[in-house]
Amino acid sequence: MNYWLMKTEPGEFSIDDLKRIKEEPWTGVRNYQARNYMRDTMAVGDAVLIYHSSCEVPGVYGMAKVSHLAEPDAAQFDPKSKYYDAKARREAPRWWGVRVRFVKKLAVPVPLSVLKKDKKLQKMFLFTNGRLSVGAVTKAEYERILALAR
DNA sequence: GCCAACGTTGGC
DNA sequence: GCCAACGTTGGC
């Protein structure tokens with residue numbers, strides 16, 4: 001069992017959207033490291049923290065789980081999509097995404113400002129590689145963040 | 001393979 | 001809207 005944190009812009013797709021539709025193919029990731037995590041490492045049942053970025057109060061808002069292994073991201077083949085990639089070919093897809101299933105919305109979200117101040121979270125990828133949109137967290141980090149949500 | 005230019009992310 | 005950090009691209 002692995003633990004992950006996945007960022008999303010709530011203006012595009014939020015924890016409330018996930019709650020409503022239950023399961024979502026995670027499309028639009030255009031970073032190789034994030035893609036590799038999804039394509040090569042994620043397994044069904046892995047725990048996911050849902051993080052809202054580029055919004056009024058960035059932070060962790062919910063819990064989800066990996067519900068399906070990575071599939072080719074359909075948006076890469078759609079010329080009308082902002083995630084279209086002219087260099088991607090169907091027989092050799094460049095971008096992949098897992099499916100994510102809603103688990104719960106945190107009663108009390110954990111803002112970035114709180115994560116930043118927490119001594120146990122200083123080594124999180126959020127701070128060592130802040131631009132990564134999908135990253136691994138340790139079990140200790142995962143549990144610490146949920147403890148902060150209480 | 002180096003590295004400058006450029007684009008994107010994302011907090012503030 | 002600004003800007004720092006960082007990833008990608010492409011010329012050489």
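In what follows, chains are A, B, ... by sequence order, proteins preceding strands, each numbered from 1.
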Throw together a table of side-chain donor-acceptor distances under 3.5 angstrom for residues 45-59 of chain A, partners on residues two or more places apart or in other chains.
residue	atom	partner	partner atom	Å
Asp46(A)	OD1	Asn2(A)	N	3.0
Asp46(A)	OD2	Asn2(A)	ND2	3.0
Asp46(A)	OD2	Trp4(A)	NE1	2.9
Asp46(A)	OD2	Ala43(A)	N	3.0
His52(A)	NE2	Ile15(A)	N	3.1

Which donor-acceptor pairs under 3.5 Å do side chains of residues 119-127 of chain A form with protein atoms, sequence neighbours excluded?
residue	atom	partner	partner atom	Å
Gln122(A)	NE2	Lys116(A)	O	2.8
Gln122(A)	NE2	Asp118(A)	O	2.7

Tabulate below the donor-acceptor pairs under 3.5 Å that side-chain atoms of residues 98-108 of chain A make, not counting sequence neighbours, or state none.
residue	atom	partner	partner atom	Å
Arg99(A)	NE	Glu71(A)	OE1	3.0
Arg99(A)	NH2	Glu71(A)	OE2	2.7
Lys105(A)	NZ	Asp16(A)	OD1	2.9
Lys105(A)	NZ	Asp16(A)	OD2	3.4

Checklist entry - What residues form a salt bridge (charged side-chain N to carboxylate O under 4.0 Å, His left out) with Arg35(A), not counting sequence neighbours? => result none
Checklist outcome for this item: Residues at least two apart in sequence or cross-chain that pass salt bridge (charged side-chain N to carboxylate O under 4.0 Å, His left out) with Glu9(A), listed by chain then number, are none
Checklist outcome for this item: Residues joined to Trp95(A) in its hydrophobic cluster, side chain to side chain under 4.5 Å directly or through other members, sorted by chain and number, are Tyr32(A)
Next on the checklist: Across nucleotides 4-10 of chain C, 5' to 3', mark each nucleotide with B, S or - according to how protein heavy atoms within less than 4.0 Å reach it.
Outcome noted: BBSSS-S
Item to check | side-chain contact (heavy atoms from CB on, under 4.5 Å) involving Lys87(A) - partner list, sequence neighbours excluded | outcome: Asp85(A), Arg94(A)
Item to check | Near-strand residues of residues 46-56 of chain A, defined as heavy-atom separation under 4.0 angstrom from DNA chain B | outcome: Tyr51(A), Ser53(A), Ser54(A)
